[in-house]
Protein chains: 2
Amino acid sequence: MMSVTIKDIAKAANVSYATVSRALSGHSEISDKTKKKIRKLAKEMGYTPNAIAKGLVTKNTKTLGFIVPDITNPFFPEVAQGVEDCANRNGYQVFLCNTSWKLEKEKQYLKALYGKRVDGIVVSPTSNDITHLVEADRNKVPVVFAAYRPAIADCNFVATDDYKSAEIAAEYLLKLGHRKIAYIGGQQESCTNKYRLKGYTDVLKKHDISLSPSYIKHGAFRQQSGYQLTKELLIANDVPTAILAGNDIIALGVIQAIEEFGLDVPNNISVVGFDDISFASLDKVQLTTVFQPKYTTGELCVEVLLQKIKDGDQNPTHKMLEPELVIRRTCKGI
Amino acid sequence: MMSVTIKDIAKAANVSYATVSRALSGHSEISDKTKKKIRKLAKEMGYTPNAIAKGLVTKNTKTLGFIVPDITNPFFPEVAQGVEDCANRNGYQVFLCNTSWKLEKEKQYLKALYGKRVDGIVVSPTSNDITHLVEADRNKVPVVFAAYRPAIADCNFVATDDYKSAEIAAEYLLKLGHRKIAYIGGQQESCTNKYRLKGYTDVLKKHDISLSPSYIKHGAFRQQSGYQLTKELLIANDVPTAILAGNDIIALGVIQAIEEFGLDVPNNISVVGFDDISFASLDKVQLTTVFQPKYTTGELCVEVLLQKIKDGDQNPTHKMLEPELVIRRTCKGI
DNA sequence: TTGTAGGCGTTATCAT
DNA sequence: ATGATAACGCCTACAA
């Protein structure tokens with residue numbers, strides 16, 4: 001499996017390999033005749049340019065990295081789609097890396113991605129510990145956070161306003177007459193979770209509703225976690241009339257638990273999620289949720305990244321997207 | 001953003017850069033003292049080895065490519081998870097590429113992946129035109145097909161027996177008393193589809209059931225397609241009592257269409273899918289389907305690939321996995 | 001144990 | 001228009 005190089009072609013064409021390089025790249029001036037001849041030859045010989053050798057000298061690889069915490073949550077594939085499409089449109093490719101919510105893997109991937117000298121990195125961080133990412137952005141390669149709003153200011157990010165999302169959801173539940181609203185979150189430390197939690201608590205406070213600590217539970221952004229925590233919640237004394245789930249897949253677990261418990265959604269308990277993953281709109285599911293522009297998030301991240309790459313601009317770019325309440329059939333007034 | 005190289009470290013440590021290389025790689029023998037000193041220095045200076053330079057000389061990049069047709073279908077993320085985990089365990093990383101069912105993109109990615117000199121490629125092909133993939137396998141880089149059984153023999157693949165899967169599903173429906181069974185497939189040309197279709201038709205033939213051509217429809221492996229085709233099917237005169245869907249997401253669309261049409265699943269029409277994606281087991285969905293070992297498929301693909309990479313074995317490896325009927329609540333006897 | 005030097009496949013800068 | 005040749009950052013004989 002010896003691959004053919006520019007030198008092989010040069011030999012076959014009886015020219016210097018510099019000429020071959022020129023013929024193939026098309027940058028420098030070269031006679032049309034030899035250009036055609038060489039290109040034809042290259043094709044015949046099955047030549048594929050060695051991008052890594054090229055990258056070594058040009059210092060750019062035309063590839064981006066996208067680090068996600070959970071490829072299994074439909075939220076991320078949709079963002080990834082946006083990342084990829086936008087990258088492709090601009091002649092870039094993307095390295096999709098999945099951390100399975102493991103910080104260690106995130107660090108490994110970051111290192112590996114930089115080792116491969118990707119031109120930029122989009123990342124939905126796994127935890128709130130983002131020092132390695134910030135450090136990389138400052139010294140090595142442009143980084144933009146996707147669907148995540150870092151606590152520190154001088155980072156690039158494009159995110160949907162999580163605080164506002166939670167406000168909208170909580171206000172909606174309140175308007176429906178609910179007063180006993182529980183919150184089943186994902187990872188407690190996660191930024192997304194913090195903003196959503198705060199949006200929720202602030203709204204309740206504003207309406208003078210006391211927060212029962214037993215109504216706030218944290219686990220992971222996973223269906224299983226939502227299921228488990230809801231079971232615990234229901235077994236305890238005071239059953240809420242509504243549950244705000246940390247995201248849609250948690251919501252799916254929440255609903256599962258409620259129904260297994262013998263209660264009905266929405267007749268006994270209303271449920272609202274976040275994200276609006278495609279399965280939320282299934283006839284069978286019809287989950288009321290707060291939409292997040294996933295595809296757009298991915299696209300914008302890449303746009304920001306390419307901008308940074310192009311002009312080396314170090315000033316942080318922030319893009320806040322608007323959430324949107326999608327009312328379906330998992331909520332009911334009381 | 002000038003990155004620090006082995007030479008910078010050499011200068012700082014006042015040694016030759018070969019020494020630094022040795023200290024860092026750990027292969028050659030070197031005094032413990034200088035090794036420690038240099039490693040410490042490297043860390044302090046924020047050195048990240050340039051994998052592309054390294055790859056240029058070592059001829060291997062410790063990275064694999066995984067080309068999928070639709071990252072948005074939960075089937076593929078699950079396979080990807082297996083691919084990734086197995087790759088990681090063995091010190092490899094994976095480049096996940098999404099073609100959105102576009103042959104052109106598949107070709108581009110293949111070229112790009114090879115350009116980056118990945119050590120091997122796992123691919124779930126987008127269409128039945130796999131000549132470019134086969135050619136690559138023969139001349140450039142080991143390729144193994146995932147969840148796909150090529151028509152030609154000398155390719156590597158790991159797949160679930162699609163023919164058998166369809167047999168199982170059709171037999172089940174038959175046992176339930178169904179005689180009017182429609183098939184709503186994905187891309188007609190796709191190999192997967194062909195095997196499933198054949199399994200279905202063979203079983204019906206075996207039981208002397210005549211096949212109405214209007215009962216066989218093809219589109220894409222997408223929810224929307226299943227929805228659309230089912231609408232067409234139901235509008236036509238002779239409504240079937242059961243529908244075999246090309247895969248689970250098609251099945252979801254099928255169910256949606258049936259219910260919108262005012263009919264009930266499973267009381268009026270039974271539905272069975274393929275794959276057993278995670279959402280199929282949702283309480284609200286409870287889709288009867290034929291399970292495919294997705295994660296295992298991914299793992300095995302990588303194992304096969306690594307084997308090929310290690311010993312350069314050119315003999316094709318075939319692995320057939322066993323499907324399994326998962327009975328839930330979308331089928332009913334008549 | 002350490003240093004020197006050649007080479008990996010390109011691009012780019014000189015000459016010619 | 002084309003040919004030498006020096007990088008790019010790293011590895012690895014071969015020497016010392």
Side-chain angles (χ1 to χ4, degrees), chain A residues 1-39 41-42 45-63 111-112 114-119 140-141, chain B residues 1-39 41-42 45-63 111-112 114-119 140-141:
Chain A
M1 295 223 190
M2 211 43 229
S3 47
V4 5
T5 76
I6 223 170
K7 286 187 182 173
D8 300 324
I9 301 177
K11 212 172 292 171
N14 218 347
V15 295
S16 78
Y17 63 85
T19 304
V20 177
S21 172
R22 279 187 277 253
L24 263 22
S25 67
H27 293 317
S28 322
E29 54 251 341
I30 188 172
S31 84
D32 240 42
K33 210 182 74 187
T34 47
K35 183 151 96 181
K36 267 183 192 154
K37 184 179 87 179
I38 289 174
R39 290 205 167 173
L41 203 54
M45 299 175 67
Y47 170 74
T48 315
N50 185 323
I52 95 172
K54 180 172 175 175
L56 192 55
V57 14
T58 61
K59 300 287 189 189
N60 63 250
T61 53
K62 288 286 181 184
T63 107
K111 197 176 286 182
Y114 179 63
K116 296 202 164 53
R117 296 299 186 269
V118 295
D119 298 332
K140 305 187 163 169
V141 52
Chain B
M1 293 223 191
M2 213 41 229
S3 46
V4 5
T5 77
I6 224 170
K7 285 189 185 175
D8 299 325
I9 301 178
K11 212 172 292 170
N14 218 348
V15 294
S16 79
Y17 64 84
T19 304
V20 177
S21 171
R22 281 187 276 254
L24 262 22
S25 68
H27 293 317
S28 321
E29 54 250 341
I30 187 173
S31 84
D32 240 41
K33 210 181 75 187
T34 46
K35 183 151 96 179
K36 266 182 193 156
K37 184 178 88 179
I38 288 172
R39 291 204 167 174
L41 203 54
M45 298 175 68
Y47 170 74
T48 314
N50 185 325
I52 94 171
K54 181 172 175 176
L56 193 55
V57 12
T58 60
K59 300 286 188 190
N60 65 251
T61 53
K62 290 286 180 182
T63 106
K111 196 176 287 182
Y114 178 64
K116 294 199 165 56
R117 296 298 187 270
V118 295
D119 298 332
K140 304 189 165 170
V141 52

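The sequence lines fix the lettering, A, B, ..., with proteins before strands; numbering per chain opens at 1.
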Given [options], the nucleotide with the shortest approach to the side chain of [X]:
| X | options | result |
| --- | --- | --- |
| B:Ala53 | D:dT5, C:dG9, D:dC10 | D:dC10 |
| A:Lys54 | D:dT12, D:dG3, C:dT11 | C:dT11 |
| B:Thr34 | C:dT2, C:dT4, C:dG6 | C:dT2 |

Considering only heavy atoms from C-beta outward, does the side chain of B:Asp8 approach that of B:Met45 to under 4.5 Å?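 Counting from C-beta outward, B:Asp8 and B:Met45 do come under 4.5 Å.
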Distance check: side-chain N/O of [X] vs OP1/OP2 of [N], anything under 4.0 Å?
| X | N | value |
| --- | --- | --- |
| B:Tyr47 | D:dC10 | yes |
| B:Ser31 | C:dT1 | no |
| A:Ser16 | D:dG3 | yes |
| B:Thr19 | C:dG3 | yes |

Whole angstrom value for the distance that separates [atom2] of [N] from [atom1] of [X]:
| X | N | atom1 | atom2 | value |
| --- | --- | --- | --- | --- |
| B:Asn50 | D:dA7 | CG | C1' | 14 Å |
| B:Ile52 | D:dC10 | CD1 | P | 10 Å |
| B:Lys59 | D:dC11 | NZ | P | 15 Å |
| A:Ile6 | D:dT5 | CD1 | C1' | 14 Å |
| B:Leu24 | D:dT12 | CG | C1' | 15 Å |
| B:Lys33 | C:dT2 | NZ | P | 8 Å |
| B:Leu56 | C:dG6 | CG | P | 18 Å |
| A:Arg22 | C:dC14 | CZ | P | 14 Å |

Holding to side-chain contact (heavy atoms from CB on, under 4.5 Å), I want the full list of residues that pass it with A:Ala53, two or more places apart in sequence or in another chain.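 With sequence neighbours excluded, A:Ala53 shows a side-chain contact (heavy atoms from CB on, under 4.5 Å) to A:Asn50, B:Leu56, given in chain and number order.
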Which heavy atom in B:Ile9 sits nearest to a heavy atom in B:Ala42, and how many Å separate them?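 The answer is CD1-CB, 3.7 Å.
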For A:Lys36 and A:Asp32, what are the C-alpha separation, side-chain angles and deciding distance, and is it a side chain to side chain contact (heavy atoms under 4.5 Å, CB included)? CA-CA 6 Å; A:Lys36 267 183 192 154; A:Asp32 240 42; 4.2 Å; yes
Donor-acceptor check, side chain of A:Arg117 to backbone of A:Lys59, threshold 3.5 angstrom: yes or no?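 Such a contact is absent between A:Arg117 side chain and A:Lys59 backbone.
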Heavy atoms under 4.0 Å, any strand shown: does B:Thr5 hit a base, just sugar-phosphate, or nothing?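 Sugar-phosphate: the residue B:Thr5, judged by heavy atoms under 4.0 Å, touches backbone atoms but no base.
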